[in-house]
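Have a look at the structure below, then the notes.
Protein chains get the first letters and strands the later ones, always in sequence-line order, with residue 1 at the start of each. Hydrogens, waters and symmetry mates play no part in the numbers below; they use all other heavy atoms, side chains included.
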Amino acid sequence: MPGPEFELPPQYDPRTVEPSLYQRWLARDVFLPRPSGDPYVIVIPPPNLTAVLHVGHALNNIIQDVLIRFERMRGRAAEWLPGTDHAGIATQNVVEKQIAAEGKTRFDLGREAFVERVWAFVRETGDTIIEQLKIIGCSCDWSRTRFTLDTAYSRSVRETFVRLWEEGLIYRGHRVIHWCPHCLTALSDEEAEHHDTNGNLYHIKYPLVDGSGFVTVATTRPETLLGDTAVAVHPKDPRGKPYVGKKLRLPIANVEIPVVADDSVDKEFGTGFVKVTPAHDPNDFDIGMRHKLAMPLVMTEDGRMGGPADRVPRELAGLDRFDARKKIVKLLEAQGLLVKIEPHPHSVRRCYRCDTVVEPRLSDQWFAKMKPLAEPVLAAYRRGEFKIVPERWRATFEHWMENIRDWNISRQLWWGHRIPVFTCTKCKHQWADRQDPTTCPKCGGPVEQDPDVLDTWFSSWLWPFATFGWPQHTDDLARFYPGHTLVTAPEILQLWVSRMLMSGYHFMERLPFTTVYLTGTVRDTKHRKMSKSLGNGIDPRDVVQLYGTDALRWTLIGGGSLGADVIVDPDDLESTFAPGRNFANKLWNIGRFILSQLPRDVATIDSVKRTSLTLADRWILSRAQATIREATASLEQFRLDEAAKRCFEFVWNELADWYVEAVKPRLDDPAAKAVLAHCFDTALRLLHPVVPFITEELWQKLPGRKADDLIAVTDWPTTRSELADADADAQFARVKTAIERIRSIRAEYRISPKTRLAAAIVLRGGDRAATFEGERETITRLAHLESLALNGAALPTGAAHAVFGDGSEVVVALSGSIDVQQECKRLATESERLEKLISGLAARLSNENFVSRAPAEVVAKEREKERTWREQRDVLAGKLRALGCV
RNA sequence: GGGCGAAUAGCUCAGCGGUUCAGAGCGCCUGCCUUACACGCAGGAUGUCGGGGGUUCGAAUCCCUCUUCGCCCACCA
């Protein structure tokens, strides 16, 4: 008998195998799409370059990797395009913070030097992020790595802008937008996030100019009263009617403002009188437009009070808006104009990048019209041309698409794509240009480019096709657009996903993907989202260092179902990731055992005669078939967790716990070796997408591997009907049950493995006995493991016993005596339980409705069950009598 | 203010009309170093499936309602 050809350590050490395997995959170009074949395309959600990745990002990318590896093994030309996002405002913020630490601002450096500085930063984090993706095993096509500021990519961005301009979908809007006083830029609606706040509602008296009294307004932002140009009432509100057309004296500012009637006022809210600040509130802006009111700004861009001298008194000018609020309240109080302050919870918008309270501000910005882009996408969704999983996001998506508003695409930043709008300083002609013009095409005068840059999402919304070279008609574009699956976090469904769908449909006339997979969120034990700012972010590299990449992947994939959150305890990585590590180690040891048994020329399963297979052989082969079928179906439905769990069961509970044990007595049987090799090979392939490293490592060691074979590009197992065997499934299930009963009895009576025992399986029905006869060696072996001697003879009564489902029973006789009292007690309890079950079932079966309405097979099954239970009860009664129990 | 989701074993979560649906992992208890694995093996305990109604022959599973948590959306100052 040939000994093992190599020795493997009993503990798997991922650190020694993972890096070299990754290099090997790279060297063989397995991550490149196959030159031919049906493409399967995923574009990575390009990570921001603001910080290194945490486990939340890892989840997202591992899901993509599982899908791409699965499809690659199925023979598709799998293309996973990686890259990174310049993340305009976010990145600029981080670098500005760095500069601030040096006591400088971006204005000290100047635009060019600042942008250079950002580039340096971005190159560094970019490298780290790519490195992290490799460490977690991502099989991206690195030859096509893109960055949203690449030269070619920038051309795409510019082309889009100019096209939209030419189509009349871009316009200059003078309106109130969300302004971040910290980032000093406009934000889109989506970038100004709602946060619930415990604010106050201030009731303030505005005196009538004619001295005849006051009206009282209610506001949450008293400091904006300096910018009031009217007070509005609802036209049908009797309280306000008498005042319409009258003049009020604005407190503190000392200007006169009118009372106007406007439908938008809610009679129910506050006092019914609304102060109107057109330059600092979007609603008030609309009112201002309707009533042709002046719109003075009373705050500076950085959130301090400042404006026309008649409105902003010297004592307030330059004061921060929140300090100004306190001061104004004091002044009002002193003048007796403050009626009351009542608590008023409401929502305040904050900048999604720096968390500063956003200030609505009248400003000129570029907008893109969205309705014409959104409508066809919504229609396509309703026609089922793409789907979102989990399906529950449907309402959110549709609601957003139905109520879409124009998109503010200009940002007062330096880091990003400069807006390609040019203005002639002489004739004021304004146009968008694909090239940088030097002179005005109309009058030849000098030109100026718009100083602002585009919203970062204005480049990322082109990701599915700009990355493949659009607007050039490249081969890549023809082959890889449209793609297939987009995997991302639900929080950017609007910000990014819906816009990609719109741009794809608009510019490419095809939707960019067929499925949007929205992942869950990785949270800590307090259910807080994992993030750097909260300090609960875990670097996936730390986990990999401790437990290995496969353990990380296993935990994240197997730990949560489709779209569900995954909880990671940052203070106890061990308990979070140990299951993954343990599973890898289990796989390793099964491999160690099986590999030590396999000869170099192990037979294929096809060359083994059916007749030389035992029940256990046929059973495990059949289980393998079931696993292939179920795991494949789960993956096709994006249920990665189900697929992983099914494979886990096959490997651990079926292959290791039962088959490997059952086969030990006949390890010199070539058929057994063939079955072992086949099942292990199948398991490795099925598991490879989830745990790529250890499966590759073990698969390499299987007999018959050629030097350039790699599991990463080998075939996905397919089902073969001739190996499925329902008979074997059923029969082996019975063997298992019998063995389990024996073990249970042994444990219950604390029979040490050294104690000699005899047991019998007494079967009801001769045919089944015959079946078992044929499987004697399996049973004998398993029984031996339990230190049980198994034979077919009946044994003395009075021994411990078990009855199971189909009426067969196990009787175990001990060489010594048993505790009769204890056994009586046990039997009585069991008898009682059974009696209860029987009476419940009998009631059900005597229910006419059940018998007539339930499906026939259900009724039949219940009848059969009742019959069995009654038999069992009789057997128990016999035992009780035999033992002399009362 | 709307919409969505979640509440199942001590913890983290599967299951989402009948088919072992009362489950998995971790933890816990009892035995075991049985020639792959103690990151293991065998056996075991633990849940009125958030409360209350309803539909049904039958409900963790569908409907209503309440409570508690999340999330998303929202121009009521």
Side-chain angles (χ1 to χ4, degrees), chain A residues 8 10-12 176 189-190 194 201-202 217-221 224 232 264-266 268-271 273-277 281-287 344 346-347 349 360 390 392-397 399-400 403 405 490-491 493-494 521 523 525 527 529 547 551 555 558-561 563-569 572 574-576 578-597 641-642 645 648-649 656-657 660-661 664 740 743-748 750-753 784-787 805 844 847-855 857-859 861-862:
Chain A
L8 296 175
Q11 292 234 327
Y12 171 59
V176 172
D189 293 332
E190 297 71 40
H194 291 275
L201 194 58
Y202 302 84
V217 302
T219 180
T220 54
R221 294 189 300 154
T224 63
S264 69
V265 178
D266 179 356
E268 310 304 317
F269 188 89
T271 60
F273 293 86
V274 184
K275 60 190 275 310
V276 180
T277 324
D281 185 286
N283 293 316
D284 295 4
F285 174 78
D286 293 339
I287 298 175
H344 180 65
H346 63 283
S347 122
R349 287 194 179 231
R392 79 178 108 93
W393 291 98
R394 171 174 287 277
T396 306
F397 180 74
H399 181 260
W400 156 259
N403 297 288
R405 289 190 279 166
E491 63 219 46
L493 181 60
Q494 282 91 320
T521 310
R523 299 177 184 280
T525 42
H527 291 260
K529 202 194 307 192
Y547 309 109
T555 303
S561 65
D565 290 351
V566 177
I567 308 289
V568 169
D569 186 347
D572 188 4
E574 165 82 17
S575 77
T576 307
R581 178 204 55 189
N582 295 353
F583 179 58
N585 195 239
K586 185 72 183 181
L587 251 189
W588 180 254
N589 277 292
I590 296 165
R592 229 157 58 94
F593 177 76
I594 292 177
L595 291 171
S596 73
Q597 302 302 326
D641 59 315
E642 282 183 355
K645 280 171 190 151
F648 174 95
E649 277 171 20
D657 288 349
V660 165
E661 294 307 328
K664 274 177 178 170
E740 278 161 358
R743 289 174 184 171
S744 175
I745 290 163
R746 194 205 65 199
E748 190 170 355
R750 302 187 196 278
I751 301 160
S752 120
H784 170 75
L785 284 172
E786 299 302 317
S787 299
R844 202 167 169 198
N847 182 329
E848 257 179 59
N849 281 324
F850 171 67
V851 177
S852 59
R853 298 217 205 154
E857 68 242 43
V858 174
V859 177
K861 207 148 221 169
E862 297 290 60

Open item on the list: So, OP1 or OP2 of B:A36: does either fall under 4.0 Å of a side-chain N or O from A:Lys664?
Closed with: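 Answer is yes, contact under 4.0 Å.
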
- [ ] Please determine if a side-chain N or O atom of A:Asn589 lies less than 4.0 Å away from the OP1 or OP2 oxygen of B:G40.
- [x] no

Task: Heavy-atom closest pair, residues A:Lys586 and A:Ala656 - done: CE-CB, 3.9 Å

TODO: Could you pull out the closest heavy-atom pair between A:Trp588 and A:Pro10, with the gap in Å?
DONE: CD1-O, 4.0 Å

Task: Of A:Val274, A:Val276, A:Thr277, the residue whose pairing with A:Ile287 passes side chain to side chain contact (heavy atoms under 4.5 Å, CB included) - done: A:Val276

Between [atom2] on [N] and [atom1] on [X], what's the gap in Å once rounded to a whole number?
X	N	atom1	atom2	result
A:Arg394	B:G5	CZ	P	13 Å
A:Gln11	B:G40	CD	P	9 Å
A:Asp572	B:G25	CG	P	18 Å
A:Glu642	B:A24	CD	P	16 Å

TODO: Assign each of A:Ile590 and A:Ala395 to its nearest nucleotide of RNA chain B by heavy atoms, then name whichever residue's nucleotide is nearer the 5' end.
DONE: A:Ala395

- [ ] Take A:Trp588 and A:Ser575, find for each the nucleotide of RNA chain B with the closest heavy atom, and name the residue whose nucleotide sits nearer the 5' end.
- [x] A:Ser575

Please pick, from [options], the nucleotide with the shortest atom-to-atom distance to any side-chain atom of [X].
X	options	answer
A:Pro579	B:C37, B:A36, B:C26	B:C26
A:Lys645	B:A14, B:A36, B:C39	B:A14
A:Arg392	B:G25, B:G5, B:C37	B:G5

TODO: Pull out every stem in RNA chain B, meaning runs of 3 or more consecutive Watson-Crick or G-U wobble pairs with both distances under 3.5 Å.
DONE: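 In RNA chain B, stems of three or more pairs: B:1-7 with B:67-73, B:10-13 with B:23-26, B:28-32 with B:40-44, B:50-54 with B:62-66.
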
- [ ] Produce a footprint string for nucleotides 6-11 of chain B: one letter per nucleotide, 5' end first; B if the base is under 4.0 Å from any protein heavy atom, S if only the sugar-phosphate is, - if neither.
- [x] ------

TODO: Any chance you could list the contact pattern along nucleotides 69-77 of chain B? Use B for base contacts, S for sugar-phosphate-only contacts and - for none, protein heavy atoms under 4.0 Å, 5' to 3'.
DONE: ---SSBBBB

Task: Side-chain heavy atoms of A:Glu574 within contact of A:Tyr547, under 4.5 Å - done: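 Counting from C-beta outward, A:Glu574 and A:Tyr547 do come under 4.5 Å.
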
TODO: Check whether any side-chain heavy atom of A:Val660 lies under 4.5 Å from a side-chain heavy atom of A:Lys664, and answer yes or no.
DONE: yes

- [ ] Determine the contact category for A:Ala584: base if any of its heavy atoms lies under 4.0 Å from a base atom, sugar-phosphate if only primed atoms, P, OP1 or OP2 are that close, otherwise nothing.
- [x]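 The answer is nothing, as A:Ala584 stays clear of every strand by at least 4.0 Å.
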
With [atom1] as the reference atom in both, quote the distance from [N] to [M] in angstrom, rounded to an integer.
N	M	atom1	result
B:C71	B:G47	C1'	28 Å
B:U8	B:C49	C1'	4 Å
B:C62	B:G18	P	11 Å

How would you list, by chain and number, every residue that makes a side chain to side chain donor-acceptor pair (under 3.5 Å) with [X], sequence neighbours excluded?
X	value
A:Thr224	A:Lys275
A:Thr220	none
A:Gln494	none

Task: No-H, no-angle donor-acceptor pair, A:Glu661 side chain to B:A36 base, under 3.5 Å - done: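 Yes.
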
